[in-house]
Number of protein chains: 2
Amino acid sequence: MSNTHSFTEENYLKAIYHLSTGNNSVVSTNQIAEMTNTKAASVTDMLKKLAEKNLINYIKYQGVTLTDTGKNAAVNIVRKHRLWEVFLVEKLGFKWDEVHDIAEELEHINSESLINRLDDFLGNPAADPHGDPIPDRSGTIHQKKLVRISDMYQDQSGMISGVSEYSSIFLKLVEKMGLTLGTKILITELIEFDGSITLIVNGNSDRTISREVAKNILVML
Amino acid sequence: MSNTHSFTEENYLKAIYHLSTGNNSVVSTNQIAEMTNTKAASVTDMLKKLAEKNLINYIKYQGVTLTDTGKNAAVNIVRKHRLWEVFLVEKLGFKWDEVHDIAEELEHINSESLINRLDDFLGNPAADPHGDPIPDRSGTIHQKKLVRISDMYQDQSGMISGVSEYSSIFLKLVEKMGLTLGTKILITELIEFDGSITLIVNGNSDRTISREVAKNILVML
DNA sequence: CTTATTTTTTAGATTAATCTAAAAAATAAA
DNA sequence: TTTATTTTTTAGATTAATCTAAAAAATAAG
């Protein structure tokens, strides 16, 4: 159990995991290069190595998928990342736009008992400060079905429950607009001209947001 | 401020720092090799690099000392290590013999605001679970004067306030003998034959400990 | 169904950290 | 104060992760 991989290997596994979303399970070399801020040639080298270790299924020129082992490893890193984010916000008082980079380092600390104790200390949270679900210690993810505001219809309502963009600049904006997690919204108008959307926030104030913002805020209907 | 060094560089700085104790301020290549579990040749290479960066004063064949910059960096790592140890014991419920290795990883996480917030969260502790003083955010260390039990005289009394050996096997033994931090002791006999020492623990129970154990338990008189 | 473009891989180098074996310097012993 | 021993450094390799430039494969366009 708990085979240990290098810092770099872990980052590649995580990148592949995040790129393997629903429909798009096979991931390309270039996608990985972009996500890891490396060049395609470097990715190819690493893919050979990960395939050798049975962490990915890799066929030359065809892209990669994670094996069960690789997926377990990736989910475990995600679990650690998200638990540390909860710690940073809930216990140390960081804001939700400040924790991503620190968690990016903390996620590589290797101790199963540490992470399980942290989980208990935090009260076994279901989601991180951005609404992303935290895998339990068996690796199971209880994902609520969320839709982008940009995919909602007129007169539809729901509660903001996540985001799909984690840059500080975006998160600060969302906060300033009062669209933090838990906020209830009702779509009042879909503006055809530029795709922007008008909504009522928490039953009272009116607000218009751009399509770009709407695409990155996730709602539970 | 807060120049960032590699994981490995940090470990060398820390090793040199711990080896530069009081009387012995100049540290040798072999000492560093032993502490870092590397070979002398590797140490020489790294010393050149650290000297180049002005973190150490290094003269070939003569040994090294830390520069002010190097010492600051080292103290900061020690601060992080000890604060994380407090966190692990006080908040996550680890035992004092379980935290060293995890803190060894956590000490390399790089974020000044993280560590200062952690410090506050923990109530700005003065010492770690082994009694070692925690440098404050300016790098100042408020070290209490401690003596080894092996250096005490008959009829002398004091309070156990630290250890100088961190292996799990030693710490578990100390705990089993009821000689944890805060315990009051009175020396009743110095046994000439093998250097072992008899003492009264917390005013009641009698105990004899070997010289080897006595050397690694520190007392505030 | 060729040709052009894009994507991916290979080949060959580079950097950081390490090693072994041999040479050089410092220290200890005779 | 020579000789022997120990310590330290140099020389030359190795491994992991990366890069650029060129070659090969896959995909898209004409």
Side-chain angles (χ1 to χ4, degrees), chain A residues 3-17 19-20 23-66 70 73-74 77 104-105 107-108 110, chain B residues 3-17 19-20 23-66 70 73-74 77 104-105 107-108 110:
Chain A
N3 212 339
T4 179
H5 312 108
S6 78
F7 188 94
T8 312
E9 287 169 343
E10 290 193 346
N11 279 336
Y12 275 90
L13 290 173
K14 190 179 54 152
I16 297 167
Y17 176 79
L19 289 166
S20 315
N23 41 354
N24 188 39
S25 100
V26 176
V27 177
S28 78
T29 301
N30 268 351
Q31 285 178 296
I32 299 170
E34 171 157 29
M35 180 145 297
T36 57
N37 292 306
T38 58
K39 298 302 163 70
S42 312
V43 173
T44 301
D45 281 350
M46 182 55 80
L47 293 184
K48 287 183 195 164
K49 192 175 171 189
L50 295 175
E52 190 61 44
K53 292 190 173 189
N54 277 306
L55 294 165
I56 60 172
N57 306 112
Y58 170 52
I59 308 170
K60 268 195 198 176
Y61 295 102
Q62 309 271 102
V64 294
T65 58
L66 291 170
I77 298 161
E104 208 77 352
E105 290 194 58
E107 72 189 7
H108 299 287
N110 230 311
Chain B
N3 212 341
T4 180
H5 311 108
S6 78
F7 187 95
T8 312
E9 287 168 345
E10 290 192 347
N11 280 335
Y12 276 90
L13 290 172
K14 190 180 53 153
I16 297 167
Y17 176 80
L19 289 166
S20 315
N23 42 352
N24 189 39
S25 100
V26 177
V27 176
S28 78
T29 301
N30 267 352
Q31 285 179 296
I32 300 169
E34 171 157 27
M35 180 144 299
T36 57
N37 290 307
T38 58
K39 297 301 162 73
S42 312
V43 173
T44 301
D45 282 349
M46 181 55 79
L47 293 183
K48 287 181 194 163
K49 192 174 171 189
L50 294 175
E52 190 60 44
K53 293 190 173 188
N54 278 306
L55 294 165
I56 59 171
N57 306 112
Y58 170 52
I59 308 170
K60 268 193 198 179
Y61 295 102
Q62 308 271 102
V64 295
T65 59
L66 290 170
I77 298 161
E104 208 77 354
E105 289 194 57
E107 72 189 6
H108 299 287
N110 230 311

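Please read all numbers here as calculations on a predicted model, not as lab measurements. Reminder, nothing fancy here: chain letters follow the sequence lines and each chain counts from 1. Quick note: numbers below take in every heavy atom, side chains included, and nothing from hydrogens, waters or symmetry partners.
Rounded to a whole Å, the CD1 atom of A:Ile59 is 14 Å from the C1' atom of D:dA26. Straight-line distance from the CD atom of B:Glu34 to the P atom of D:dT7: 11 Å, rounded to whole Å. Residue B:Leu47 contributes atom CG, which lies 10 Å from atom P of D:dT8 at whole-angstrom precision. Protein atom CD of A:Gln31 is 13 Å distant from nucleotide atom C1' of C:dT8, rounded to whole Å. Atoms OH (A:Tyr61) and P (D:dA28) sit 16 Å apart, rounded to a whole Å. In this entry the distance linking CZ of B:Phe7 with C1' of C:dT18 reads 15 Å, nearest Å. Rounded to an integer number of Å, the gap from A:Lys60 NZ to C:dA11 C1' is 13 Å. For B:His5 and C:dA16, the NE2 to P distance is 14 Å, given to the nearest whole Å.
The distance from atom CD1 of A:Ile32 to atom CD1 of A:Ile16, rounded to the nearest 0.5 Å, is 4.0 Å. A distance of 3.5 Å separates CD of A:Glu9 from NZ of A:Lys53, quoted to the nearest 0.5 Å.
With a 3.5 Å ceiling on both atom-pair distances, the Watson-Crick or G-U wobble partner of D:dA23 is C:dT8. Across all strands shown, the partner of D:dT15 is C:dA16, judged by Watson-Crick or G-U wobble contacts whose two distances both fall under 3.5 Å.
In the set C:dT20, D:dC19, C:dT9, C:dT20 carries the atom at the smallest distance from any side-chain atom of B:Lys39. Nearest nucleotide to the A:Ala41 side chain, out of C:dA26, D:dT20, C:dT20: D:dT20. Picking from D:dA26, D:dT18, C:dA25 the nucleotide with the shortest atom distance to the side chain of A:Met46 gives D:dT18. Comparing atom distances between the A:Thr8 side chain and each of D:dT18, D:dA26, C:dT18 picks out D:dT18 as nearest. For B:Asp45, taking side-chain heavy atoms from C-beta onward, the closest of the listed nucleotides C:dA26, C:dT18, C:dT8 is C:dT18.
Proximity of B:Lys48 to the phosphate of D:dT9: no side-chain N or O atom is located under 4.0 Å from OP1 or OP2. OP1 or OP2 of C:dT6 has not a single side-chain nitrogen or oxygen of A:Asn30 nearer than 4.0 Å. Phosphate contact (OP1/OP2 of D:dT18, side-chain N/O of A:Tyr12, threshold under 4.0 Å): present. Using a 4.0 Å cut-off, no side-chain N or O of B:Ser6 falls inside it from OP1 or OP2 of C:dA16.
Using a 4.0 Å heavy-atom criterion, one finds that B:Thr44 contacts the bases of the nucleic acid, with or without backbone contacts as well. The residue B:Ser42 sits close to a base: some heavy atom pair falls under 4.0 Å. Using a 4.0 Å heavy-atom distance criterion, A:Thr38 is classed as a sugar-phosphate-only contact. The residue B:Tyr58 sits close only to the backbone: its heavy atoms come under 4.0 Å of sugar-phosphate atoms, none of a base.
Counting all heavy atoms, side chain and backbone alike, A:Ser20 lies closest to A:Val27 at OG-CG2, 3.5 Å. The minimum heavy-atom distance between B:Thr44 and B:Tyr58, with the atom names listed, is CG2-OH, 3.8 Å. In plain terms, the two heavy atoms of B:Glu105 and A:His108 that are nearest each other are OE1-O, 4.0 Å.
No more than 12 heavy atoms of other residues, nucleotides or ligands sit less than 6.0 Å from atom CD of B:Glu34.
Projected onto DNA chain D by closest heavy-atom contact, A:Gln62 and A:Asn37 fall at different nucleotides, the more 5' of which corresponds to A:Asn37.
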